[in-house]
Amino acid sequence: DKVGLAQLTATLLRTGGTTDRAPQAINEELEFMAAQIEFFMNRESGRASLSVRKQDAPRALSIFASLLAKPAFDPVQLDLAKKQEVEAIRRSNDNPEEIAYREFRKVLYEGNPRGQVPTIESIENIRRKDLVAFHKRFFQPNNIMMGVSGDFKKEEMIAGLEEAFRDWGRSLIELPFIPAPLPHDKKSIYHAPKNLPQSTILLGHLSLPLHHPDHVPFKVLNFILGGGGFNSRMTQEIRSNLGLAYNVGSFYQGRVGYGVFGALCQTKSSTTYKAISLLYEIIEGLKKKNKPRPEELEWAQKSLISQFIFSFTSSASIVSQRMQLEYDGLPEDYLEKYPKRLAAVNLEDLERVAEKHLHPEKSFLLVVGREEDFDKPLSAFGLVNRLELKRYE
């Protein structure tokens with residue numbers, strides 16, 4: 001009944017002031033130093049960042065530590081943040097792609113907290129005391145990793161960090177057990193009616209977790225399928241050759257305990273059935289008659305290795321990657337070995353992971369659009385579940 005609490009807490013950590021500094025005073029001080037502090041809340045973790053010039057680091061670090069450890073959660077700022085969140089919910093049905101991803105997450109994570117979406121009611125239920133309790137429960141130094149990059153002496157930086165956070169006491173933390181989402185064993189079709197001249201199509205299913213031995217080969221396979229942009233199969237066939245879509249491609253995200261595979265296509269209403277059929281056909285083709293080719297494998301490997309190399313263009317990106325490794329529980333040499341693991345993928349690997357881990361027959365199909373204008377009804381693919389989008393006056 002308070003979905004959205006974590007996100008509001010992150011917002012107020014930045015905007016709500018501290019026990020010794022008012023929100024406006026913090027904003028003015030950071031602006032004077034050209035420093036930037038941000039707080040984020042993702043589905044399963046939170047993140048904070050500070051960027052500041054070297055000479056202002058001690059001063060900015062003091063503010064950063066106060067925001068993390070001693071937030072005031074100013075009631076006026078909380079009221080403003082809640083109104084902004086409510087307004088965002090009111091507008092959430094304006095964008096068909098936003099609708100598609102939101103509703104897709106709901107059905108993908110059905111029965112799991114990851115599928116929860118804030119509502120106007122849940123936001124309005126949240127009080128300042130809820131933010132205080134949430135912060136007290138989860139924001140503790142023994143639940144936080146910190147990384148620093150820049151021009152400094154290590155010993156001096158550690159001493160500065162210890163001084164900035166010396167009053168932040170440790171506390172026992174009990175993280176609630178949240179199980180991994182469960183895969184479904186049959187194809188499910190959903191339609192969200194929206195009076196638009198085009199359709200937004202999402203097709204996908206739960207997939208391999210980050211630690212799975214097939215994670216890297218499946219990543220290469222997804223790149224060939226639709227994740228590699230204009231040279232991928234989906235873009236070449238559906239967009240370039242047939243001109244059926246202005247946006248098409250696939251995605252794969254391996255996470256701890258589970259993963260997500262999917263394909264997105266936006267097409268004219270009158271070609272909705274044809275575009276969906278092609279998505280199924282191209283995915284199924286990788287498993288059967290149109291298996292990956294040597295030149296596709298070579299292109300995907302070179303592209304992914306190049307992308308990997310360019311993800312280390314700054315010291316901050318290197319620190320961020322190392323922290324992510326630790327957070328995900330991956331071995332210390334994972335990054336060093338990653339290019340070799342990519343290069344070691346062969347055609348037999350791709351055929352095996354396609355057969356084993358691509359499941360169009362057990363996928364979710366979700367379409368946002370006006371069915372009266374479709375070239376064929378969605379029921380041609382099976383039983384259709386109607387999703388009624390809430391209307392806000």
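Not measured: the values here are computed from a predicted model.
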Distance-only donor-acceptor hits, side chain of residues 6-17, under 3.5 Å, sequence neighbours excluded:
{"residue": "Thr9", "atom": "OG1", "partner": "Leu5", "partner atom": "O", "Å": "2.8"}
{"residue": "Thr11", "atom": "OG1", "partner": "Gln7", "partner atom": "O", "Å": "3.1"}
{"residue": "Arg14", "atom": "NE", "partner": "Ile37", "partner atom": "O", "Å": "3.1"}
{"residue": "Arg14", "atom": "NH1", "partner": "Asn27", "partner atom": "OD1", "Å": "3.0"}
{"residue": "Arg14", "atom": "NH2", "partner": "Asn27", "partner atom": "OD1", "Å": "3.1"}
{"residue": "Thr15", "atom": "OG1", "partner": "Thr11", "partner atom": "O", "Å": "3.1"}

Are Arg239 and Phe230 close enough that some pair of their side-chain heavy atoms sits under 4.5 Å apart?
->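 Touching, per the 4.5 Å side-chain cut-off.
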Find out whether Tyr252 and Leu221 are in side-chain contact, i.e. whether some heavy atom of one side chain is under 4.5 Å from a heavy atom of the other.
->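 The answer is no; the side chains never approach within 4.5 Å.
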With the threshold set at 4.0 Å, does a side-chain nitrogen-carboxylate oxygen contact exist between [X] and [Y]?
X      : Y      : result
Glu296 : Arg233 : yes
Asp373 : Arg370 : yes
Lys83  : Glu87  : no
Lys274 : Asp375 : no

Taking atom CD of Glu372 as the centre, report whether more than 12 heavy atoms of other residues, nucleotides or ligands fall under 6.0 Å from it.
->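 More than 12 heavy atoms, drawn from other residues, nucleotides or ligands, come within 6.0 Å of this atom.
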Will you find, in the side chains of [X] and [Y], an N or O donor that is under 3.5 Å from an N or O acceptor?
X      : Y      : value
Ser269 : Thr272 : no
Tyr338 : Arg341 : no
Ser250 : Asn222 : yes
Arg255 : Gln253 : yes
Gln266 : Thr200 : yes

Take Lys153 and Glu155 through the test salt bridge (Lys or Arg N to Asp or Glu O under 4.0 Å) and record every step on the way to the result.
-> CA-CA 6 Å; Lys153 289 185 172 62; Glu155 296 76 17; over 6 Å; no
To the nearest 0.5 Å, tell me how far Ile120 CD1 sits from Asn125 CG.
->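 With rounding to 0.5 Å, CD1 (Ile120) is 12.0 Å from CG (Asn125).
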For the atom pair CZ (Arg21) and CD (Gln24), what is the distance rounded to the nearest 0.5 Å?
->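 Rounded to the nearest 0.5 Å, the CZ-CD separation comes out at 14.5 Å.
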Enumerate donor-acceptor pairs with a distance under 3.5 Å from any side-chain N or O in residues 59-69 to protein atoms, sequence neighbours excluded.
{"residue": "Arg59", "atom": "NE", "partner": "Glu29", "partner atom": "OE2", "Å": "3.0"}
{"residue": "Ser66", "atom": "OG", "partner": "Ser62", "partner atom": "O", "Å": "3.1"}

Would you verify whether the NZ or CZ of Arg47 falls within 45 degrees of the ring axis of Phe40 while also being under 6.0 Å from that six-membered ring's centre?
->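 That pair qualifies as a cation-pi contact.
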Without swapping roles, check the side chain of Ser122 against the backbone of Pro118 for a donor-acceptor pair under 3.5 Å.
->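 No, Ser122 side chain to Pro118 backbone: no donor-acceptor pair under 3.5 Å.
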Expected output: side-chain Gln140 to main-chain Lys136 donor-acceptor under 3.5 Å =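 Checking the backbone N and O of Lys136 against the side chain of Gln140, a donor-acceptor pair under 3.5 Å is found.
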Taking only residues two or more places apart in sequence, or in another chain, which ones meet Phe139 in a ring pair (Phe, Tyr, Trp, His ring centres under 6.0 Å)?
->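 Once residues adjacent in sequence are excluded, the partners of Phe139 under the ring pair (Phe, Tyr, Trp, His ring centres under 6.0 Å) criterion are His135.
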Distance-only donor-acceptor hits, side chain of residues 204-212, under 3.5 Å, sequence neighbours excluded:
{"residue": "His205", "atom": "NE2", "partner": "His359", "partner atom": "N", "Å": "3.1"}
{"residue": "His211", "atom": "NE2", "partner": "Asp328", "partner atom": "O", "Å": "2.8"}
{"residue": "His212", "atom": "ND1", "partner": "Asp214", "partner atom": "N", "Å": "2.9"}

Can you name the one residue among Leu264, Ile224, Ile283 that meets side chain to side chain contact (heavy atoms under 4.5 Å, CB included) with Met234?
->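 Answer to the side chain to side chain contact (heavy atoms under 4.5 Å, CB included) test with Met234 among Leu264, Ile224, Ile283: Ile283.
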Answer yes if Ile123 and Val132 sit in the same cluster of Ile, Leu, Val, Met, Phe, Trp and Tyr residues linked by side chain heavy atoms under 4.5 Å apart, and no otherwise.
->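 Yes: a chain of side-chain contacts under 4.5 Å links Ile123 to Val132.
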With hydrophobic residues grouped by side-chain heavy-atom distances under 4.5 Å, do Phe134 and Val3 end up in a single group?
->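 Phe134 does not cluster with Val3.
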All side-chain contact (heavy atoms from CB on, under 4.5 Å) counterparts of Glu98, not counting sequence neighbours =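 Here the qualifying residues are Ser92, Asn95.
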Under 3.5 Å, which donor-acceptor pairs do the side chains of residues 169-198 form with other protein atoms, sequence neighbours left out?
{"residue": "His191", "atom": "ND1", "partner": "Arg386", "partner atom": "NH1", "Å": "3.0"}
{"residue": "His191", "atom": "NE2", "partner": "Gly369", "partner atom": "O", "Å": "2.9"}
{"residue": "Lys194", "atom": "NZ", "partner": "Asn93", "partner atom": "O", "Å": "2.6"}

Aromatic ring pairing Phe261/Phe218, orientation class (parallel under 30°, perpendicular over 60°, tilted between) |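 If you compare the ring of Phe261 with that of Phe218, the planes turn out perpendicular.
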